[in-house]
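Beneath this line is the structure, given in structure tokens, with notes to follow.
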Amino acid sequence: MSGRIVVVGASMSGLRAAEQLRAAGWTGTVTVVGDEPHMPYNRPPLSKEVLAGKAPFESLAFTPKSAAADVEWRLGTKAVAADLDERTVTLNDGSTLAYDGLVVATGMRPRRLRCPGPLAGRHTVRTIDDAQALRDDLTRPGVRVVVVGAGFIGCEVAATAVGLGVTEVTVVDPLPLPMVGPLGELLARALLARHEARGVRFALGAQVAGFEGDERVTGVVLADGTVLPADVVVESVGSVANVEWLDGNGLDLSDGVLTDEQLRVGGRPDVVAVGDVARFPNARYDGVPRRVEHWSIPTDTAKHAARTLVARLTGADAEAAPFSPLPTFWSDQHEFRLQSFGAPALGKADVRVLDGDPDGDVLAGYHVDDRLVGVVALGGHKAAMGAARYRTQLMKQPVPTA
């Protein structure tokens, strides 16, 4: 088998794509392009174990499967353009890669606040270098920390900072509760109570208007004029899809890369997308294309997309069943864990306690038209195991057909 598949993006999604291309039977060249100088590594520990100093940066690196040992890695190199008609990718060193198949795996980057004020002392958490810089700042004596954004990363960083002994940690968010988007009100209130009991302060329903300080931030200015003293600011206000290199190809790039139910991009059989940059319809739910920024998605999308692409390139182009993953996420905060299976955000209007109590360990079920679409556990090991038992039930649910 001859030819080349180019994978653009060298994080976990790119690695899993390369491995799954080999698993799907592709024996031609696989070239992976990535703008970071590091081999693919595990990102979730950055805001927790690594930031807390409990895991060395070296422990994050993934070990590629032996079948992918011959993959060509072009690290520290960024894709800046693509011509999907000509089947070429242009890199920032001026070189061009021709391909027979293309995998889009460029992922996300942190969104930054566009507010007046100094940049020094303001952090995001996405890369190894980000985590190292933030840890250096958090371990300075007497620092005051403001986290902007009460989502996954924001809440994890706040918990880690408290664990490091930071006595002033404040989380700012325009919404009325932390993580209310993915969790709904019931568990968001329980989460808020747990954080406050451990010393995290919250400024909810608040917008950031700017930053005080000359060369380095000294305070966060809210829209109502309140100033929160801060030596360290962590911006956790969402993500931006890395799709600019695909401009000019007539694709829907309004929120990541739109794909069909087989993860093909723009109706092109030789281009697929994987990971959290892919906006795909999930046949298990309502078929509305969405991006999913969960740890399980790189592997799930890579398996399906690799089979789709290799089948096309080898002439075995039989239509597979529509992509229908069961999303999974977890988040460790303080000494408790959030564990989820399914799509709880779709069922926030009908949340029922399945076991336990919101003041302790609790397991909640999320429903759409009386159908269980997701479960979330909040608490210790027992609660997480309870969620895992529902995983089988969710997997066995028949996938709706059109």
Could you check whether [X] pairs with [Y] (Lys NZ or Arg NE/NH1/NH2 to Asp/Glu carboxylate O, under 4.0 Å)?
X: Arg43; Y: Glu36; answer: yes
X: Asp137; Y: Arg140; answer: yes
X: Glu235; Y: Arg112; answer: yes
X: Asp255; Y: Arg291; answer: yes
X: Arg264; Y: Asp270; answer: no
X: Asp332; Y: Arg337; answer: yes
X: Arg109; Y: Glu244; answer: yes
X: Asp130; Y: Arg126; answer: no
X: Arg352; Y: Asp370; answer: yes
X: Arg198; Y: Glu335; answer: yes

Any donor-acceptor pair under 3.5 Å linking the side chain of [X] with the backbone of [Y]?
X: Gln397; Y: Leu372; result: yes
X: Arg194; Y: Gly360; result: yes
X: Ser324; Y: Ala283; result: no
X: Asp369; Y: Arg371; result: no
X: Arg122; Y: Pro118; result: yes
X: Arg135; Y: Thr139; result: no
X: Arg111; Y: Ser239; result: yes
X: Lys348; Y: Gly181; result: yes
X: Tyr41; Y: Ile128; result: yes
X: Thr106; Y: Asn242; result: yes

State the [atom1]-[atom2] distance between [X] and [Y], to the nearest 0.5 angstrom.
X: Leu51; Y: Glu156; atom1: CG; atom2: CD; answer: 10.0 Å
X: Tyr99; Y: Arg4; atom1: OH; atom2: CZ; answer: 12.5 Å
X: Arg389; Y: Leu363; atom1: CZ; atom2: CG; answer: 8.0 Å
X: Leu378; Y: Gln333; atom1: CG; atom2: CD; answer: 8.5 Å
X: Asp247; Y: Leu253; atom1: CG; atom2: CG; answer: 6.0 Å
X: Leu191; Y: Met179; atom1: CG; atom2: CE; answer: 6.5 Å

Open item on the list: For Asp357, is the CG atom crowded, meaning more than 12 foreign heavy atoms sit under 6.0 Å from it?
Closed with: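 Count over threshold, so yes.
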
Task: Within 6.0 angstrom of Lys48 NZ, more than 12 heavy atoms from elsewhere - done: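 Result for NZ/Lys48: enclosed.
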
Task: Test applied, side-chain contact (heavy atoms from CB on, under 4.5 Å); reference residue, Val233; option that passes from Val220, Val172, Leu228 - done: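 Option passing the side-chain contact (heavy atoms from CB on, under 4.5 Å) with Val233: Val220.
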
Open item on the list: Please identify which of these residues, Thr259, Asp252, Val292, meets the side-chain contact (heavy atoms from CB on, under 4.5 Å) condition with Arg279.
Closed with: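 Passing option: Asp252.
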
Validation: residues 73-82 side-chain donor-acceptor distances under 3.5 Å, sequence neighbours left out:
from  : atom 1 : to    : atom 2 : distance (Å)
Arg74 : NH2    : Ser95 : OG     : 3.4
Thr77 : OG1    : Leu75 : O      : 3.4

Open item on the list: Would you say Asp129 and Thr127 are linked by a side-chain donor-acceptor pair, where the criterion is simply a distance under 3.5 Å?
Closed with: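 On atom types as modelled, these side chains do not qualify, holding no pair under 3.5 Å.
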
TODO: Go through the steps for Arg268 and Asp85 under the test salt bridge (charged side-chain N to carboxylate O under 4.0 Å, His left out), then give the verdict.
DONE: CA-CA 10 Å; Arg268 295 175 179 270; Asp85 291 330; 2.9 Å; yes

Task: Aromatic centroids of Phe329 and Phe152 separated by under 6.0 Å - done: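 Yes, the ring of Phe152 comes within the 6.0 Å limit of the ring of Phe329, centre to centre.
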
Task: Close aromatic pair by centroid cut-off 6.0 Å: Tyr390 and Phe341 - done: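 When the ring centroids of Tyr390 and Phe341 are compared, they turn out to be at least 6.0 Å apart.
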
Are the side chains of [Y] and [X] in contact, using a 4.5 Å heavy-atom criterion?
X: Val310; Y: Leu21; value: yes
X: Phe323; Y: Thr301; value: yes
X: Glu212; Y: Val221; value: yes
X: Val237; Y: Thr124; value: no
X: Glu293; Y: Met108; value: yes
X: Pro40; Y: Met12; value: no
X: Trp330; Y: Ser340; value: no
X: Val146; Y: Val148; value: yes

Task: Cationic tip of Arg16 above Phe62 ring, under 6.0 Å, 45° of axis - done: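 Output yes; distance and angle both within limits.
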
Task: Within 45° cone of Phe280 ring axis and under 6.0 Å: Arg290 NZ or CZ - done: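 Judged by the rule (NZ or CZ under 6.0 Å from the ring centre, within 45° of its axis), Arg290 is not positioned above Phe280.
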
Task: Trace of the side-chain contact (heavy atoms from CB on, under 4.5 Å) decision for Leu313 with Ile5 - done: CA-CA 10 Å; Leu313 296 180; Ile5 295 177; 3.8 Å; yes

Which atoms form the tightest heavy-atom contact between [X] and [Y], and what is the distance?
X: Leu84; Y: Asn249; answer: N-OD1, 3.0 Å
X: Ser13; Y: Asp276; answer: OG-N, 4.5 Å
X: Ala203; Y: Thr170; answer: N-CG2, 4.3 Å

Open item on the list: Parallel, tilted or perpendicular, judged at 30° and 60°: which one describes the rings of His195 and Phe336?
Closed with: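 It falls in the perpendicular class, over 60°.
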
Task: Working for side-chain contact (heavy atoms from CB on, under 4.5 Å), residues Leu91 and Thr96 - done: CA-CA 6 Å; Leu91 308 181; Thr96 299; over 6 Å; no

Open item on the list: salt bridge (charged side-chain N to carboxylate O under 4.0 Å, His left out), that's the test. Do Asp355 and Lys382 meet it? Break it down for me.
Closed with: CA-CA 10 Å; Asp355 191 23; Lys382 180 181 177 181; 5.4 Å; no

- [ ] Begin with the C-alpha distance, continue with both residues' side-chain angles, and end with the deciding distance and a verdict on side-chain hydrogen bond (donor to acceptor under 3.5 Å, both in side chains) for Thr29 and Glu72.
- [x] CA-CA 8 Å; Thr29 301; Glu72 176 190 6; over 6 Å; no

- [ ] Let me see the working for Arg144 and Val232 under side-chain contact (heavy atoms from CB on, under 4.5 Å), right down to the final yes or no.
- [x] CA-CA 6 Å; Arg144 301 160 299 177; Val232 177; over 6 Å; no

- [ ] Go through the steps to decide whether Val104 and Trp245 satisfy the test side-chain contact (heavy atoms from CB on, under 4.5 Å), and finish with yes or no.
- [x] CA-CA 10 Å; Val104 179; Trp245 64 282; 3.8 Å; yes

